[in-house]
Amino acid sequence: MKMSVIGCGYLGAVHAAAMASLGHEVVGIDVDPAKIEALAAGQAPFFEPGLPELLTENHDTGQLRFSTDVADAKGFAVHFIGVGTPQRRDGGGADLTYVDAAVRDLLPHLSPGDLVVGKSTVPVGTAERLAELIEPTGAELAWNPEFLREGFAVKDTIEPDRLVYGVRSQRAVDILDEVYAQAMSLDTPRIVTDYATAELVKTAANAFLATKISFINAMAEIAEVTGADVTQLADAIGHDVRIGRKFLNAGVGFGGGCLPKDIRAFSARAEELGRGESVAFLKEVDAINLRRRQRVIDLVKETLGGSAYLKRVAVLGLAFKPDSDDIRDSPALDVAVQLHGLGADVIAWDPEAVPNAGKAHPQLEFADNLEDVLRGAEAVVLATEWKHFRELDPVATKEAVATPIIVDGRNVLDPVAWREAGWTYRGLGRP
Ligand code: NAD
């Protein structure tokens, strides 16, 4: 099929490249000339495993083009909308200006029979409003929320765990089935529904995941005052298949360009709908999550004798999760910035996110590699659970630092091994 993908960020660039690799003819469109220039040259503008290979492969076949001009979407049958929906500056709601602009700019280039497919995460009710703009052109709208995980985005796009179509016609279902023919051939579960349900599926999924993380972090808070070990608690309750062990890792909390802003947008939308109380718990979920960042900072101060002032603190990790360079609402970066604000002599390193972190926070000092970040540290904070840090050897690491103190903000190190090697080890919710 011939399709355009409007918005080529973490979602759209991967979607465009993945669709081309499935044999579709794709044009990716973005208003950011630097991003388009990189993509057109076959280079990934951000770190995502597998994306560079897809871009190179499709660059050579000519199945994938990129442009800053939305007019280049003309003549294509399917148009994905994958632009950002960040948090509004003046509150918790979603900022829909990019989605609105993308649809408005696309309207003059639509032909009767085209299918516009929303993938951005939007407040319930958005699709219905956009359909009123699109339908007079003779084109149709579907909402097809995206569930990819950064770090696994290529696989999640090509082999999604489910497909959700919010549609108004069988024709839209048929077109989407053709788009996702490969996933359909693998018996991927497919839910065909209305706009409101499709929009809510995405919001509800993220609200549930955020709640699960904050639940175990709340248990960590209780464990901290009782001497219990939250990691053992998580293992034990996780054996119950109704609960499950995934997303039950206590630590410095969630971040990124999705969960934090999506739960805030959900609360704001529920309030607009007069049902604020239905998701009032999401405010607690958010509060628990943010408290964990403070807990990590408090542990650093505590282990340093009450103050981090002028102490050399090495922060390991800046991205909001491993295998990504995404620093949006990153707990790791937040901890580094806050420690710096307390007068600590912070040095940070991340395998991929240093350039983004440096642009956002030039006041921080960044190391070039793992050896440099550790050298002379008086305390170490493991803030993002990259493999590089999970596999640190406590004996060798002790040689590099000035004082063997580690705050494991992700509970990924073995406390016994680190203590045996002579470290002061502190995790979250663990004795
Ligand atoms: P992003 O900020 O990385 O990308 C958004 C892109 O849209 C940017 O490159 C921007 O320049 C472009 N853009 C803005 N206005 C435009 C316009 N009018 N025309 C063309 N391009 C325009 O954001 P993202 O992480 O890719 O997220 C996009 C959407 O997908 C959001 O709604 C997000 O919640 C949702 N989502 C993201 C993920 C994820 O893991 N990143 C997963 C599922 C859903």
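No experiment lies behind these values; they were computed from the predicted model shown. Just so you know, ligand 1 is whichever comes first in the structure, and atom 1 is the first atom listed for that ligand. The figures here come from the full heavy-atom set of this structure, side chains too, leaving out hydrogens, waters and symmetry mates. The first residue of the sequence shown is numbered 1, and numbering continues consecutively from there.
Scanning the protein heavy atoms around atom 29 (C) of ligand 1, the nearest turns out to be Val83 O, 3.3 Å. The nearest heavy-atom contact from the protein to atom 5 (C) of ligand 1 is Gly84 N, 3.4 Å. Atom 19 (N) of ligand 1 has as its closest protein heavy atom Val31 CG1, 3.6 Å.
Listed by number with element, the atoms of ligand 1 under 4.0 angstrom from any heavy atom of Ala102 are 18 (N). Atoms of ligand 1 found under 4.0 Å from any heavy atom of Gly9, numbered from 1 in the order shown, are 1 (P), 3 (O), 4 (O), 6 (C), 9 (O), 26 (O). Interface atoms of ligand 1 facing Lys35, defined by a heavy-atom separation under 4.0 Å, are 8 (C), 9 (O). In the vicinity of Ile6, heavy-atom distances shorter than 4.0 Å reach the ligand 1 atoms 19 (N), 20 (C). Listed by number with element, the atoms of ligand 1 under 4.0 Å from a non-hydrogen atom of Thr85 are 31 (C), 32 (O), 34 (O).
When Asp30, Thr68, Val14 are checked for heavy-atom proximity to atom 6 (C) of ligand 1, Asp30 turns out nearest. Within the set Lys261, Lys119, Lys321, Glu150, the minimum heavy-atom distance to atom 33 (C) of ligand 1 is found for Lys261. Proximity annotation for atom 25 (O) of ligand 1: of Glu146, Glu48, Arg328, Arg328 comes nearest, heavy atoms only.
Considering backbone and side-chain atoms alike, Lys202 places every N or O at 3.5 Å or more from each N or O of ligand 1. Residue contacts with ligand 1: Gly82 is placed with no nitrogen or oxygen under 3.5 Å of a nitrogen or oxygen of the ligand (distance criterion only). In terms of N/O distances under 3.5 Å, ligand 1 is not approached by Asp105. Residue Arg149 has no N or O atom closer than 3.5 Å to an N or O atom of ligand 1.
His361 is linked by a side chain to side chain donor-acceptor pair (under 3.5 Å) to Gln363, counting only residues two or more places apart in sequence or in another chain.
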Verdict with reasoning, Arg269 to Glu199, per salt bridge (charged side-chain N to carboxylate O under 4.0 Å, His left out): CA-CA 12 Å; Arg269 184 65 182 134; Glu199 293 166 319; over 6 Å; no
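A salt bridge is defined here as a Lys NZ or Arg NE, NH1 or NH2 lying under 4.0 Å from an Asp or Glu carboxylate O, and Lys321 with Glu385 fails to meet this definition. In this structure, Arg264 pairs ionically with Asp286, as a charged nitrogen and a carboxylate oxygen lie closer than 4.0 Å. Between Arg65 and Glu25 there is no salt bridge, since no side-chain N of the basic residue sits under 4.0 Å from a carboxylate O of the acidic one.
At a heavy-atom distance under 4.0 Å, only side-chain atoms of Cys258, from C-beta outward, approach ligand 1.
The environment of Phe208 atom CZ is sparse: at most 12 non-hydrogen atoms of other residues, nucleotides or ligands sit within 6.0 angstrom.
The two residues Ala127 and Leu141 make their nearest non-hydrogen contact at O-CD2, 3.2 Å. Shown here for Ala131 and Pro136, the closest heavy-atom pair between the two residues is O-CD, 4.3 Å. Smallest separation of non-hydrogen atoms from Thr85 and Thr121: OG1-O, 2.8 Å. Residues Asp325 and Asn356 share a closest heavy-atom pair of O-ND2, 2.7 Å.
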